[in-house]
Amino acid sequence: MVSTTTLDFVLDAPWCRALTSEQAARVRLDLRERHVNKGGSICHVGAQVQYWKGVVAGLVKMSVVSPGGRMSTFTGLAPGAWFGEGPVLRSDTWDFDGVAMRDTHIAMLPRTTFQWLLDGSLPFNRYIVTQLSERLAQCFSVIEAERLEVAETRVARCLAWLFNPVLYPGVGSRIELSQQEIGYLAGVSRQRVNRALRIMEEAGLLDVSYGAVVVRDLAGLQHFRA
DNA sequence: TCATTAAATTGTT
DNA sequence: AACAATTTAATGA
């Protein structure tokens, strides 16, 4: 049995609302949850994918480590994010590391249930396709920012990703995130984050406050160039 | 409720 | 990376 917060979170998720009552009932039955303390591991490269996971609360950093030991952070996963469908469909093992950037609450749906939904629900398939498409678009956006090698642009894209309403429907316009944390996510120093945020605030794209950012113009953030 | 202190975050060099 | 300034949270009168 899972907590009511997790249950509410899942039943309210866009993919779940599209299911039949019978399917939703099985989801409810198979659902598990887990609390991960700050710094704890949510998934790691090479491990078997047992569950399709959703971020109920907290923040997860998605990263990979190269053979040389260099670490590259892809993105943050904000509340409302569901992830793991890629590994489930492709390789059965995780292809990235997930680390909790703060105390995090994870909802987990067994792989077999996930596949059962894929086989039995057209709306669920549509949701997954939308999810994958959105992620692909975001990947292009981030790759472009990397090539430009402008820290401000990377920060902007990184934030735009975090506030993506398709991927993270629960996220409003405000996310509690220190400049240090943004630095980890975007792969730039805290100083650069600080400067980038000021520039973007000046441009009217967002407001910065103590330990949080409020997005004013998401589209503007996505297309921001330094 | 207010004042004091510690901790976290931000701004600057 | 180090330091100072600022904001928040916690504590106790």
Side-chain angles (χ1 to χ4, degrees), chain A residues 3-6 8-9 33-43 54-81 83 96-106 138 141-142 145-165 167-168 170-226:
Chain A
S3 65
T4 51
T5 30
T6 300
D8 288 345
F9 171 81
E33 70 180 328
R34 210 178 127 214
H35 287 276
V36 181
N37 292 330
K38 180 178 179 177
S41 170
I42 278 106
C43 59
V55 180
V56 179
L59 188 66
V60 177
K61 180 178 67 179
M62 187 197 266
S63 62
V64 292
V65 180
S66 74
R70 288 161 53 89
M71 196 184 77
S72 169
T73 298
F74 282 153
T75 184
L77 296 168
F83 59 98
F96 61 87
D97 290 310
V99 176
M101 290 191 67
R102 61 175 72 137
D103 290 358
T104 296
H105 192 168
I106 298 289
Q138 298 273 17
S141 172
V142 168
E146 291 258 339
R147 295 219 167 151
L148 292 173
E149 288 183 45
V150 179
E152 285 77 10
T153 308
R154 292 175 60 161
V155 172
R157 298 289 165 91
C158 196
L159 286 175
W161 183 312
L162 279 179
F163 285 98
N164 184 314
L167 258 31
Y168 319 127
V171 176
S173 61
R174 184 176 193 274
I175 288 188
E176 291 200 7
L177 204 60
S178 72
Q179 297 181 2
Q180 177 71 79
E181 289 177 310
I182 295 171
Y184 286 140
L185 291 179
V188 303
S189 68
R190 187 172 66 76
Q191 290 94 320
R192 303 288 281 177
V193 172
N194 186 281
R195 209 158 66 79
L197 287 180
R198 293 165 158 288
I199 293 173
M200 289 184 264
E201 185 175 38
E202 188 69 28
L205 297 177
L206 49 77
D207 287 342
V208 299
S209 58
Y210 188 83
V213 293
V214 178
V215 170
R216 293 235 165 283
D217 181 359
L218 184 57
L221 255 193
Q222 282 163 344
H223 302 119
F224 176 83
R225 284 170 200 283

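Residue numbers start from 1 in every chain, and the chains themselves are labelled A, B, ... in the order their sequence lines are given, proteins ahead of strands.
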Distance, rounded to the nearest Å, where K38(A) contributes NZ and dA7(B) contributes P: 15 Å

Could you check whether the side chain of R190(A) and the base of dG11(B) have a donor-acceptor pair of N or O atoms closer than 3.5 Å, going by distance alone? yes

When you measure from the side chain of R174(A) to the backbone of V213(A), do you find a donor-acceptor pair of N or O atoms at a distance under 3.5 Å? no

For dT10(B), does OP1 or OP2 lie under 4.0 Å from any side-chain N or O of N194(A)? no

Sequence neighbours excluded, the answer for side chain to side chain donor-acceptor pair (under 3.5 Å) partners of D207(A) is R216(A)

With a 4.0 Å cut-off on heavy atoms, is R198(A) in touch with a base, just the backbone sugar-phosphate, or nothing at all? sugar-phosphate

Take R102(A) and E181(A), measure what salt bridge (Lys or Arg N to Asp or Glu O under 4.0 Å) needs, and give me the verdict at the end. CA-CA 10 Å; R102(A) 61 175 72 137; E181(A) 289 177 310; 3.2 Å; yes

Would you mind reading off the distance between L177(A) atom CG and dT9(B) atom C1', rounded to a whole angstrom? 12 Å

Check whether the side chains of N194(A) and R198(A) place a donor and an acceptor atom closer than 3.5 Å, and report yes or no. yes

side-chain N/O Q179(A) vs dG11(B) OP1/OP2, d < 4.0 Å: yes

Which atom names give the shortest non-hydrogen contact between L185(A) and K61(A), and what distance separates them? CD2-CG, 4.2 Å

Whole-Å distance between dT9(B) P and I182(A) CD1? 12 Å

How would you list, by chain and number, every residue that makes a ring-ring contact (aromatic ring centres under 6.0 Å, His included) with F163(A), sequence neighbours excluded? none

Assign a letter to each nucleotide of nucleotides 4-9 of chain C from its 5' end: B, base within under 4.0 Å of a protein heavy atom; S, sugar-phosphate only; -, no contact. ---BS-

Rounded to the nearest Å, what distance is computed from the CZ atom of residue R195(A) to the P atom of nucleotide dT10(B)? 17 Å

